[in-house]
Amino acid sequence: MTEKSKIEIIKEFIETCPYLKKGKVNVDYIKDDPQSYSIDETPVDPVLIDFIDGGRRLQIQFDFSIQSNFSVLENIKNSKFCDDFTEWIYKQNKTDNLPKIDGICWIKCLGRGTILQTTDTTAIYVIPMQVVYDEDF
């Protein structure tokens, strides 16, 4: 059996968040439907630290994207969702409930949700995130 990719493991971890209304997270694809979610990898240098023993501290950065309804009242709900999600991620770190990636150090939000784009009725919010893990030599 093929080993899961790190992005797939992160996706499955995020799908356990109780605040996701439909629970399914896509990778590099967000549907036009409200309450759709996606993980969109950000191009960054994956190496944070080269250790003396030949091991490395690596990172995966990505945006957690949320397609939501867009109106004055909905924007307040969307802001609350972003706050709840970032707090949930923080609590998972605090209790060491992390994605099952070998050598994982943390998963965290690098900011709170901001609007990436809008239409008359929908908006895409993004929460920048980071997973850091150590890789032995």
Engineer: Please say yes or no: joined through hydrophobic side-chain contacts below 4.5 Å, possibly via intermediate residues, are Leu48 and Ile10 part of one cluster?
Structural biologist: no
Engineer: Does Lys77 come within less than 4.0 Å of Glu74, counting only side-chain N to carboxylate O?
Structural biologist: yes
Engineer: Could you tell me whether the side chain of Asp32 reaches within less than 4.5 Å of the side chain of Thr122, counting heavy atoms only?
Structural biologist: no
Engineer: For Tyr90, does the OH atom sit with more than 12 other heavy atoms under 6.0 Å from it, leaving out its own atoms?
Structural biologist: no
Engineer: Under a single-linkage definition using a 4.5 Å side-chain heavy-atom cutoff for Ile, Leu, Val, Met, Phe, Trp and Tyr, are Val27 and Phe13 assigned to the same hydrophobic cluster?
Structural biologist: yes
Engineer: Are Tyr133 and Lys6 side-chain neighbours, meaning at least one heavy-atom pair lies under 4.5 Å?
Structural biologist: yes
Engineer: Without swapping roles, check the side chain of Asp45 against the backbone of Val47 for a donor-acceptor pair under 3.5 Å.
Structural biologist: yes
Engineer: Of all heavy-atom pairs between Thr86 and Arg112, which one has the smallest distance, and what is that distance?
Structural biologist: CG2-CA, 4.3 Å
Engineer: Which heavy-atom pair separates Gln67 from Ile30 by the least distance, and what is that distance?
Structural biologist: N-CD1, 3.4 Å
Engineer: Please check if the number of heavy atoms outside Asp102 that lie under 6.0 Å from its CG is greater than 12.
Structural biologist: no
Engineer: Quick one: pull up CD in Gln35 and CG in Asn78 and give me the separation to the nearest 0.5 Å.
Structural biologist: 6.5 Å
Engineer: Between Phe64 and Met129, which heavy-atom pair has the shortest distance, and what is it?
Structural biologist: CB-SD, 3.7 Å
Engineer: For residues Ile39 and Phe62, determine if any side-chain heavy atom of one lies less than 4.5 Å from a side-chain heavy atom of the other.
Structural biologist: yes
Engineer: Between Asn26 and Lys31, does the side-chain contact (heavy atoms from CB on, under 4.5 Å) criterion hold? Intermediate values first, please.
Structural biologist: CA-CA 9 Å; Asn26 295 305; Lys31 294 182 180 181; 4.2 Å; yes
Engineer: Check the pair Lys4, Glu12 against salt bridge (Lys or Arg N to Asp or Glu O under 4.0 Å), reporting the backbone distance first and the verdict last.
Structural biologist: CA-CA 10 Å; Lys4 290 182 181 179; Glu12 290 173 355; 2.8 Å; yes
Engineer: Is Tyr19 reachable from Leu98 through a run of I, L, V, M, F, W or Y residues, each pair having side-chain heavy atoms under 4.5 Å apart?
Structural biologist: yes
Engineer: If you define the side chain from C-beta out and look only at heavy atoms, does anything of Val131 sit under 4.5 Å from Gln59?
Structural biologist: no
Engineer: How far does OG1 of Thr118 sit from CG of Leu116, to the nearest 0.5 angstrom?
Structural biologist: 9.5 Å
Engineer: Verify, without hydrogens or angle tests, whether Glu15 (side chain) and Val25 (backbone) share a donor-acceptor contact under 3.5 angstrom.
Structural biologist: yes
Engineer: Taking a hydrophobic cluster as the set of Ile, Leu, Val, Met, Phe, Trp and Tyr residues connected by side-chain heavy atoms closer than 4.5 Å, whether directly or through intermediates, do Ile104 and Ile89 fall within one such cluster?
Structural biologist: yes
Engineer: To the nearest 0.5 Å, what is the distance between CH2 on Trp88 and SG on Cys17?
Structural biologist: 5.0 Å
Engineer: Taking Gln130's backbone N and O only, do any of them form a donor-acceptor pair with Lys108's side chain (distance below 3.5 Å, no angle check)?
Structural biologist: no
Engineer: Search all heavy atoms of Ile66 against all heavy atoms of Tyr37 and return the closest pair with its distance.
Structural biologist: CG2-CE2, 3.8 Å
Engineer: If Ile, Leu, Val, Met, Phe, Trp and Tyr residues are connected whenever their side-chain heavy atoms lie under 4.5 Å apart, and connections chain through other members, are Val44 and Leu58 in the same group?
Structural biologist: no
Engineer: Decide yes or no for Gln61 and Pro128: does some side-chain heavy atom of the first lie under 4.5 Å from some side-chain heavy atom of the second?
Structural biologist: no
Engineer: Show the nearest heavy-atom pair for residues Ile127 and Phe85, with the distance to one decimal.
Structural biologist: CD1-CD2, 3.7 Å
Engineer: Take Ile60 and Glu41, measure what side-chain contact (heavy atoms from CB on, under 4.5 Å) needs, and give me the verdict at the end.
Structural biologist: CA-CA 7 Å; Ile60 300 169; Glu41 201 164 346; 4.0 Å; yes
Engineer: Are the side chains of Phe81 and Leu20 in contact, using a 4.5 Å heavy-atom criterion?
Structural biologist: yes
Engineer: At their closest point, which heavy atom of Trp106 faces which heavy atom of Arg57, and how far apart are they?
Structural biologist: CZ3-NH1, 4.4 Å
Engineer: I want to check something: taking the side chain as every heavy atom from C-beta on, are Ile115 and Phe70 in contact at a cut-off of under 4.5 Å?
Structural biologist: yes
Engineer: Report the distance from atom OH of Tyr125 to atom OG of Ser68, rounding to the nearest 0.5 Å.
Structural biologist: 6.5 Å
Engineer: When you compare the side chains of Asp40 and Ser38, does any donor N or O come within less than 3.5 Å of an acceptor on the partner?
Structural biologist: yes
Engineer: Within the 4.5 Å heavy-atom criterion, are Thr121 and Asn69 side-chain neighbours or not?
Structural biologist: no
